[in-house]
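First up is the structure itself, then whatever we jot down about it.
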Amino acid sequence: MMKTERQESWKIQVPFHLDYCLNCGQVFRWKKLGNHWFGFIEGHLYRIEYEESSQTIRALRISGDTGRTGADSEGESRRRIERYFGLYDSLSAIRESILTNLREKGYNWFVGKFDDIFSKSLGLRILRQDVWEVAVSFLLSSQTNIPALERKLDALCRLFPQNEVRYEGESYYRFPKRESLATLCEEDFKRLGFGYRSAWLCEMVRRFRESDFRSIRTETYDRQLSFLLSFPGVGYKVAHCILLFGYSVMRAFPVDIWISRWIKEVFHVEGAPDRLTSWGQNVFGEYSGYAQEYIFNVYRNLGSDGGEI
DNA sequence: GCCCAGGGGTAGT
DNA sequence: ACTACCCATGGG
C-alpha cells in the first residue's frame, strides 16, 4: 500500500480528556505508546495525542482505508476525529440537563455529588464508533473483565493478516468485516478462548446485515432495542452498550456489575438490569448514557470508593 | 483451589 | 416478574 501519511494539529475550545475517552470501557483496541494513542477511525490508522496545556490535538494519519486512493483533503482528519470523539457534544448542556433532571425527580441531595463526578471525569465523551465492532465487542464482553476482552478482540483481529498495518515496529489490525468472520466457524472461536460466546458470535455473524444495522438508526428507541435483543447473547446490558456506543442513543443506560453495585451503595436500589436501566433513565434523563459513563469512570477507573460519592 | 469479570439463557416459582 | 443456577475461560 502506498504511504499517505498526513499530520494535522489544531486547537480546540471545549473540554476534552483523551485518556478518559479511550480508557473507560467503551472501546477496547486503542493502544497507548508514550503520549501517543494508536487506533483506527473509519478504517484509517491514526496516531493521536492531546496536549492539555495548549488544548491542542495532534493527529498523524498513518494509513488510508484499503481500496482508497490519494490523500485526504486538508481538514478531513480534523472533521473525522472531532466527530469520532464526540467533540460536537456540548458537555455543559449535558451537565445542565442531568442536574435539572435530578432536581425535577426529587434527587436534590445528589445534585452536588453528581457535579463532583462530572468534574472529576470532565472531558470524557461518548465516541461515535462503528456499529459492527461495537456489537461484536460487547457480545464477547459477557462475564469477561476488560483486559481479557482486549486480549480476545486482539486475538480475533490477528486472524486476518490482510488487515495488518505496520508502523515503527508495531502491528495494528483493522477490525475484520462481517464477511471475514463469516469464513470462521464455532470451533475457530472456541480455539480463541471465547467459550460459550462462540455460538452467539456465529449467529451474529450469520444474521448481521449491514442494511439492518443502518436502517435501525432511524427507528424508535423501542424498535431499536427489540431488534438488538433478538440476537442470542444480547440482553439488556449489551443492547444498551450497542445503543450508546454504536448508535449514539444518549439515553441508553447500560447496567453492568459495577453500575449495579454503585446504585445499590448510593441509592439503596436493587434489581435486574432491565429494571435498573429504567431507573437510571428516569433519574438522569435524556443524557443518562453520559451520566452512566461518568459514573463508571469515576467509580471503576478513578478508584473513588462508592461511599464517598 | 477459589473468586471474579462492563451477562445471558433457562427453568422453576 | 423474580430467582437460582449454569454456562467457558483467564487472571489474581
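Hydrogens, waters and symmetry mates play no part in the numbers below; they use all other heavy atoms, side chains included. Each chain gets a letter, A, B and so on, in the order the sequences are listed, and its residues count up from 1.
For the C1' atom pair drawn from C/dC2 and B/dG6, the interatomic distance equals 23 Å after rounding to whole Å. Across the P atoms, B/dA11 and C/dA8 are found 15 Å apart, a figure rounded to whole Å. For the C1' atoms, the distance from C/dG11 to B/dG8 is 22 Å, rounded to whole Å. Spacing of P atoms, B/dC4 relative to C/dC6, comes out at 16 Å, to the nearest Å.
When the P atom of B/dG6 is taken as reference, atom CD of A/Gln26 falls 15 Å away, rounded to whole Å. Atom pair A/Trp200:CH2 and C/dA8:P shows a separation of 10 Å (rounding to whole Å applied). Regarding A/Lys237, its NZ atom lies at a distance of 14 Å from the P atom of B/dG9, rounded to whole Å. Atoms CG (A/Asp154) and P (C/dG10) sit 15 Å apart, rounded to a whole Å. Whole-Å rounding puts the A/Glu270 CD to C/dT3 P distance at 9 Å. Here the C1' atom of nucleotide C/dA1 and the OH atom of A/Tyr236 are 12 Å apart, to the nearest Å. For A/Asn23 and B/dG6, the CG to P distance is 12 Å, given to the nearest whole Å. Note: CG (A/Asp188) to P (C/dA8) measures 18 Å, nearest angstrom.
Within 4.0 Å of A/Glu293, counting heavy atoms only, lies at least one base atom of the nucleic acid. The residue A/Pro232 sits close only to the backbone: its heavy atoms come under 4.0 Å of sugar-phosphate atoms, none of a base. Nucleic acid contact class of A/Gly193 (heavy atoms, under 4.0 Å, all strands): sugar-phosphate only. Residue A/Arg261 is classed as a sugar-phosphate contact, given heavy-atom separations below 4.0 Å to backbone atoms only. At the heavy-atom level, A/Phe194 lies nowhere under 4.0 Å from the strands shown. Using a 4.0 Å heavy-atom cutoff across all strands shown, A/Arg197 reaches at least one base atom of the nucleic acid.
A cation-pi geometry, defined here as NZ or CZ lying under 6.0 Å from the six-membered ring centre and within 45° of its normal, holds between A/Arg261 and A/Trp258. Cation-pi check for A/Arg251 over A/Tyr221 is met; the charged atom lies under 6.0 angstrom from the ring centroid and within 45 degrees of its normal. For the pair A/Arg207 and A/Phe231, the cation sits on the ring face: its NZ or CZ lies under 6.0 Å from the ring centre, inside 45° of the axis.
The nucleotide whose nearest atom lies closest to any side-chain atom of A/Arg275 is, among B/dG8, C/dC2, B/dG6, C/dC2.
Checked by atom type, the side-chain pair A/Arg80/A/Tyr46 shows a donor-acceptor distance below 3.5 Å. A/Tyr290 and A/Asp89 form a side-chain donor-acceptor contact under 3.5 Å, judged by distance and modelled atom types alone. Donor-acceptor pairing under 3.5 Å is lacking for the side chains of A/Tyr84 and A/Gln129.
Using a 4.0 Å cut-off between charged nitrogen and carboxylate oxygen, A/Glu49 and A/Arg58 count as a salt-bridge pair. Salt-bridge annotation for A/Arg79 and A/Glu82: absent, with no side-chain N of the basic residue lying under 4.0 Å from a carboxylate O of the acidic one.
The stretch residues 133-148 of chain A comes close to DNA chain C through A/Gln143, each having a heavy atom under 4.0 Å from the strand.
The base of B/dG7 is paired with the side chain of A/Tyr196 by a donor and an acceptor separated by under 3.5 Å.
With both pairing distances under 3.5 Å, B/dA5 is matched to C/dT9 as a Watson-Crick or G-U wobble pair.
Take the nearest nucleotide of DNA chain B for A/Phe231 and for A/Asp256: the residue whose nucleotide is more 5' is A/Asp256.
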